[in-house]
Structure formats: C-alpha cells, structure tokens
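Note sheet for the following structure.
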Protein chains: 2
Amino acid sequence: MRPLFHPSVEDVTVEAILHALSDPVRVAIYADIVAQDCSLNCSNFLTVSEKAIPKSTLSQHFKVLREAGLIRGERHGVEVQNTSRCTEIEGRFPGLIRGIVNAHTIQLADVARRDKAASRRPAKRARKK
Amino acid sequence: MRPLFHPSVEDVTVEAILHALSDPVRVAIYADIVAQDCSLNCSNFLTVSEKAIPKSTLSQHFKVLREAGLIRGERHGVEVQNTSRCTEIEGRFPGLIRGIVNAHTIQLADVARRDKAASRRPAKRARKK
DNA sequence: CCATTAGTTCTTTAAATCGGAACTAATGAA
DNA sequence: TTCATTAGTTCCGATTTAAAGAACTAATGG
C-alpha cells in the first residue's frame, strides 16, 4: 500500500486552503484535529453535528484537506492517523490558520447562543408575504 | 433600480468568506479593493493577471463577494462603487481578513520570485513518462 | 484461509460555475 | 424626446465539480 500524497509547504496555496476550509464538514474535522493536536482516524467523524456522513464522502473530505496541505495522514495498518500541519503552514503564512480557526470558534459560539435564545422564545411563525 | 443586497455582519459566515476568497480572481479583486481602501467599479477588473474576464462572470464574482459580506456596493448612476467591509468583519472575526490578505500577498511574492528564477534558468523540458 | 475493519475507487446523479447573448437602467448628445 | 453609449445584470446552455451508494482493496486477528 503506497503512502498518501502530501504537497510540500512551498507548494501549498492560499486558494486550496480556503477552499478546503470553506466546507462546514471539513472545518469541523480540521478544527477537531487541530484541537487534540493530532491524530484521529477517519471513522471518528462518521457523524458531524448529529448527521451521519457516508464514508465515501468522508474519504474525499480527508483527501481535500490532505492535498491542500492542511493535514498529514499516515497509514498504520488498516487505519490512517491524521495530524495537522499547522506549524508548517504558520511558517509560510503567519496568522492564517489561527485567524480561520479562531473565526470558526467564534461562529460556533454565536450559533449556540442564538439557538438557545430561540428556544426560550415563543415559536415564531413564518412571515406572511 | 433597487439597492444591492448586503447581509448584516452577524449573518456573515466564515464558510461564505472562505469560499468567496478561495477563487483566484475574487481574491485579486478583493485585495485590490482593500488596498486602495475602497471604491472601484466593476470594469476596472476586466483583465486580471493579463487575462480578459467576461463581464457576466465578473458580475457574478462581485455578487459572491457582496453576499459573503466582504464588500459593499453602492450604485452611483450607471456604475457601482465598491468598498471593503473589513472593519466590520474585523469586529466579528478578529485577524481573519488580515491573515488571508497577508497570506495572499506572501504567495504573490513567492510566485513572482519563482517565475523570475525560472526565466533565468535554461528551459526545462517536460519530464518523460 | 476467512471474516472484519478502514478506506478507496467507481459510477450515477445533482448542484455550481463559466461565458455568450440578450436585456435593463442611467447618462449624455442631437 | 429620442437615440446611442456605458455599466451591469439575467438567462441559458455547456462544462465542472461534488455527493453518496455500491463494489473493491489492503491489513489484521482469529
């Protein structure tokens, strides 16, 4: 089984990073990998935000993150261990990853706050047109 | 002629911002608008990096940037004046825009440096397969 | 050798993107 | 007013890209 492909840091592009992280499922995965700094296999993510995600889709998501240079995946027997490459990327694009992960955290908090407020409020009916 | 739609800052999402800026043409446009802090009409961008871009495509790009909350567009007679909303976004997601624009600048410099090095080097023929 | 587990690849279907052509709205000239 | 021009949008067909079920592969433990 041949090892997974990874671009070298100097081949990493801002566009690829932004594209990879512009998908809600992928940021969730990436944020998780960064948080526990490192290592999580694919199947740990079979559900993201209470929604089941087919593993073919998940496999593609990991591939996109890998090819954008955001994570490194090493096969260990039957499973792959993923680690974030954020120090490498920080070296080339200082502040980029931090800015994105931070923004994502803020947004998650905002959404949680809004949902909570909405559940305390009487059900708002659809606005008539 | 009705005014253009703009999301309020709290409705802006990280995903939409990253998606908007994951396109090379759109980052180029956005970086330009941010640089001259503000105002440029659509047709100033009919060519990006020596390549002509059809105006229907350009119109869509501006729409994506607008709806992501990155720029504000005001109609002045027949043309639209675009300004960046980066202070607003900075308020909600500190460091996000700076990180991205900065990374983009670094990448542009790297590409220029590489191209220059390549032009000084003898033409490298395609690797045989 | 077989069963199981973790991921990948293939294939079909659905959605997003690109760009040409036609259209609209504002402005200026005759 | 009417006509031409300019700036942008909208519509639509063609191409790209993404999603997910099914079939497949590779490693591991009986």
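Residue numbers start from 1 in every chain, and the chains themselves are labelled A, B, ... in the order their sequence lines are given, proteins ahead of strands. Hydrogens, waters and symmetry mates play no part in the numbers below; they use all other heavy atoms, side chains included.
Each of Gln60(A) and His61(B) was matched to the nucleotide of DNA chain C holding its nearest heavy atom; the match closer to the 5' end belongs to Gln60(A). Between Val78(A) and His19(A), the residue whose closest nucleotide on DNA chain D is further toward the 5' end is His19(A). The 5' end of DNA chain D is approached more closely, in terms of each residue's nearest nucleotide, by Asp23(A) than by the other of Asp23(A) and Gly77(A).
Taking side-chain N and O atoms only, Ser59(B) has no distance below 4.0 Å to OP1 or OP2 of dG8(D).
With rounding to whole Å, Ile53(A) atom CD1 is found 10 Å from dA19(D) atom P. For Glu79(A) and dA27(D), the CD to P distance is 14 Å, given to the nearest whole Å. Distance, Glu74(A) CD to dG7(C) P: 14 Å, rounded to whole Å. Separating the CG atom of Leu58(A) from the C1' atom of dA18(D) is a distance of 14 Å, rounded to the nearest angstrom. When rounded to the nearest whole Å, the span between NZ of Lys63(B) and P of dA16(C) equals 12 Å. In this structure, CD of Glu15(A) is placed 15 Å from P of dT17(D), rounded to the nearest angstrom.
Closest approach of Tyr30(A) and Leu70(A) over heavy atoms only: CE1-O, 3.6 Å. Contact between Arg66(A) and Phe5(A) at its shortest, heavy atoms only, is NE-O, 4.3 Å. Annotation for Gly73(A) and Val80(A): closest pair CA-CG2, 4.0 Å, computed over non-hydrogen atoms.
Contacts of Leu108(A) classified as side-chain contact (heavy atoms from CB on, under 4.5 Å), with partners at least two apart in sequence or in another chain: His104(A). Remark: Asp115(B) engages no residue in a salt bridge (Lys or Arg N to Asp or Glu O under 4.0 Å) (not counting sequence neighbours). Residues passing the side chain to side chain donor-acceptor pair (under 3.5 Å) test with Ser8(A), sequence neighbours excluded: Asp11(A).
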Under 3.5 Å, sequence neighbours excluded: what are the donor-acceptor pairs made by side chains of residues 87-98 of chain A?
{"residue": "Glu88(A)", "atom": "OE1", "partner": "Arg85(A)", "partner atom": "NH2", "Å": "3.0"}
{"residue": "Glu88(A)", "atom": "OE2", "partner": "Arg72(A)", "partner atom": "NH2", "Å": "3.2"}
{"residue": "Glu88(A)", "atom": "OE2", "partner": "Arg85(A)", "partner atom": "NE", "Å": "2.9"}
{"residue": "Glu90(A)", "atom": "OE1", "partner": "Gly95(A)", "partner atom": "N", "Å": "3.1"}
{"residue": "Glu90(A)", "atom": "OE1", "partner": "Arg98(A)", "partner atom": "NH2", "Å": "3.3"}
{"residue": "Glu90(A)", "atom": "OE2", "partner": "Arg98(A)", "partner atom": "NH2", "Å": "2.7"}
{"residue": "Arg92(A)", "atom": "NE", "partner": "Asp110(B)", "partner atom": "OD2", "Å": "3.0"}
{"residue": "Arg92(A)", "atom": "NH1", "partner": "Val9(A)", "partner atom": "O", "Å": "3.2"}
{"residue": "Arg92(A)", "atom": "NH1", "partner": "Glu10(A)", "partner atom": "O", "Å": "3.3"}
{"residue": "Arg92(A)", "atom": "NH1", "partner": "Val12(A)", "partner atom": "O", "Å": "2.6"}
{"residue": "Arg92(A)", "atom": "NH2", "partner": "Asp110(B)", "partner atom": "OD2", "Å": "2.8"}

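Judged by distance alone, the side chain of Thr105(B) and the main-chain N or O of Val101(B) form a donor-acceptor pair under 3.5 Å.
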Tabulate atom names and distances for all N/O pairs under 3.5 angstrom spanning the protein and nucleotides 20-24 of chain C.
{"residue": "dG20(C)", "atom": "N7", "partner": "Ser56(B)", "partner atom": "OG", "Å": "3.1"}
{"residue": "dG20(C)", "atom": "O6", "partner": "Ser56(B)", "partner atom": "OG", "Å": "3.3"}

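Residue pairs meeting the side chain to side chain donor-acceptor pair (under 3.5 Å) criterion with at least one partner in residues 13-28 of chain B, sequence neighbours excluded, are Gln107(A)-Glu15(B), Arg26(B)-His61(B).
Contact check of residues 64-72 of chain B against DNA chain D (heavy atom, cut-off under 4.0 Å) returns Arg66(B).
Set against dT6(D), dT9(D), dT8(C), the side chain of Leu4(A) has dT8(C) as its closest nucleotide.
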